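For reference, the structure is listed below as structure tokens.
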Number of protein chains: 2
Amino acid sequence: MARTKNTVTIDDVARLAGVAKGTVSRVLNNYGDTSAKTRDRILQAVERLGYQPSSAARKLKRGRVDTLGIVLPAGDGEHADPFLSEFLDGIAQALDLSDRDLLVTTAHSDEHAVAVHDRLIRSRKVDGFIVTRTQGDDPRIELLLQRGFPFVAHGRTRNTGFAWYDVDNERAFLEAVRHVAALGHRRIGFLGGPTRMNFAIQRRAGYRKGLEEAGIAHDPALESTCELSESSGAEAARTLLRLDEPPTALVCVTDTVAIGAMGAIRALGLAIGRDVTVIGYDGLPVGAYIDPPLTTFSQSAHAAGARAARMLIDVIEGVDPLERQELVPADLVKRSSDGPPQKTPQELKESLAK
Amino acid sequence: MARTKNTVTIDDVARLAGVAKGTVSRVLNNYGDTSAKTRDRILQAVERLGYQPSSAARKLKRGRVDTLGIVLPAGDGEHADPFLSEFLDGIAQALDLSDRDLLVTTAHSDEHAVAVHDRLIRSRKVDGFIVTRTQGDDPRIELLLQRGFPFVAHGRTRNTGFAWYDVDNERAFLEAVRHVAALGHRRIGFLGGPTRMNFAIQRRAGYRKGLEEAGIAHDPALESTCELSESSGAEAARTLLRLDEPPTALVCVTDTVAIGAMGAIRALGLAIGRDVTVIGYDGLPVGAYIDPPLTTFSQSAHAAGARAARMLIDVIEGVDPLERQELVPADLVKRSSDGPPQKTPQELKESLAK
DNA sequence: CACTATTTCAAAACCGTTTTTATTGACGAC
DNA sequence: GTCGTCAATAAAAACGGTTTTGAAATAGTG
């Protein structure tokens, strides 16, 4: 049974145009060494047959696939990471402009992630990777550096000898402190994250710098550390508010922690945004729905994805990765969980005593 | 400059094992016609060199890429569709089990989507497509059917001669009405979606059937149509509540519309779940965070993605697409936006008049 | 022991491109 | 005229696999 092939190849084009296939190829890749006449004839044949080169054959010869890869942490089957979906969308849109595509895979553990990257590299299905959710020491980045495979990380790691795109955590927290200081707060607490995380250290540094800039003495009692959960945020908030001179503002390492803190504040009978100001970080959509809507700092995941993709393309095309390191500021999303202090710390303490 | 190639090919393996490359290939593809001795030798060489076949070369000969494609509607750059990210996650996990990958692209319009599918087909970058967010008459599906290219749709269309996975929209809305009727509601409003969407028609049909089953006369004034946005949902809700005999329950085509409606209800000074019951559809995570948490119908996007991927693989491997059509029920996620009516429609009207 | 069937593997052909090399004809210079 | 030179294109050689073909070695049979 002679199954008729329904795909049109370069040979078909060459035959129709009456030239050698090499000539067709050169025309399509703009070598510019063909006469106008044959070029027109070839382009016409291409048009008529609706020819498009086979990516596999092309890649075999050229060694490129025009495809970028990303390995996502597998969701728990419940709710997918909202950040990632926006990030993906940004990547895809950037790629559309350059006629490349995105290969998406998931991994359910660090080891699995490394294995998947390795498989994709060896089977040459992608030209480079975008690595998200980086850790201080990241095994995926180790692998990619060791293999000399192009990639861009979203977020720095301890080692920084590669291309990355990151949000300026330090700057954001400096601005957070500046913002509440401008509202009139002088007792400003910090609910920080675990210091094994790179970003937690950066954010704390920004907090301290902000205090210094505002001329407020750094009080270690106001600087706490908690896990990145609501319950942990709630507990840390309670601790700070029990101080003899409680803070009138809380700057929180993430929105999740801030939401936990808000619950604790409300439970103590205080008004968020009036008695106690709360500032988050992440710009999670849920922050807009809670009561009162959370003032926070936000990085556009969409913009990050688009930019990271563009940077990766540059790296693949030979740009030195060290020339593709970008630090961008996070923007303040002003909602309603902040405001001028209505009470002094002493008054706050008294109202809590009741 | 003789750039040393750092990729290991089948020739390297063959040389190391002292056999012809054809033999290596047959061993790796389990032809079972090689002696145990040479097979071991070859596998050992493969192991030692860390050899993995080039996907491009392999595909060139076999005509398959082991990659599925999906073309997403491009987000607006603001918030990506939470449904899609979960759906993607489901697909990716299913693919992981079968050593295939997923190619993701975006399209910003119907025409663009068709063009992207066409490009991917012709450049043979994927073996098949998963088509989401189907419309009554879907140009993408037209294209794929015409090209005879394998695909699975998430959602039916007018034409149903292909593989699909769909939630039983009609049934869900029938159950929604049954649910609120059981709570004691008799004036039940419907905030429907644009009727160009197939699912909107199905959901409306379920609503009407539910009324019939409950023995409630269908009042066209209670059945409205809105776009799938919060603002549109809010407006539709206001319109219905201004009726002389306002509804005490609103069944909404999507969670987004329901959330908009809730905002409008609150703004009118009414208590959600007491004065007016609101039922959504989609099971969006955000629904759990709003106040009060939204009662809704949920389809697991994750499960849908995983199942659709599996179905597509079957179709690619030759199963008749007509044998891969599945209708699954949506489940009621009971939260707090519903309850027995506290007021009659007349009382509701009066309290609004104030 | 001659003869055939079976197993095992080497060699060659092929997939659809890109890239390199060769060939052809036209043209100008000597 | 003959000889390069140059432009344009044809022809051939990769690229890295899979699949087909066929030959040699081995086993089985009368």
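Heavy-atom basis, side chains included; hydrogens, waters and symmetry copies ignored. This is a predicted model, so every value here is computed, not measured. Throughout, a chain's letter reflects where its sequence line sits, starting with A, and its residues are numbered from 1.
Counting any heavy atom pair closer than 4.0 Å across all strands shown, B:Ser25 reaches a base atom. Among the atoms of the strands shown, none is found under 4.0 Å from any heavy atom of B:Gly32. At the heavy-atom level, A:Thr34 lies under 4.0 Å from the strands shown only through sugar-phosphate atoms.
Under 4.0 angstrom from either OP1 or OP2 of D:dA8 there lies no side-chain N or O belonging to A:Tyr31. Between A:Thr23 and D:dA8 there is no side-chain polar atom (N or O) within less than 4.0 angstrom of OP1 or OP2.
Comparing the axis of the opening five pairs of the helix from C:dC1-D:dG30 to C:dC30-D:dG1 with that of the closing five pairs yields an angle of 60°, rounded to 10°.
Residue B:Glu142 qualifies as enclosed at atom CD: its count of foreign heavy atoms under 6.0 Å is above 12. The number of heavy-atom neighbours closer than 6.0 Å to CD of B:Glu326, taken from other residues, nucleotides and ligands shown, is above 12.
Of the residues in residues 42-61 of chain B, those lying under 4.0 Å from DNA chain C by heavy-atom distance are B:Leu60, B:Lys61.
A salt bridge does not link A:Arg15 with A:Asp11: none of the charged nitrogens is closer than 4.0 Å to a carboxylate oxygen. Electrostatic pairing of A:Asp166 and A:Arg156 counts as a salt bridge here, judged by a charged N lying under 4.0 Å from a carboxylate O.
One atom, CZ of A:Arg39, and another, C1' of D:dA7, lie 14 Å apart when rounded to the nearest Å.
With 3.5 Å as the limit, one finds no donor-acceptor pair spanning the side chains of A:Thr67 and A:Lys59.
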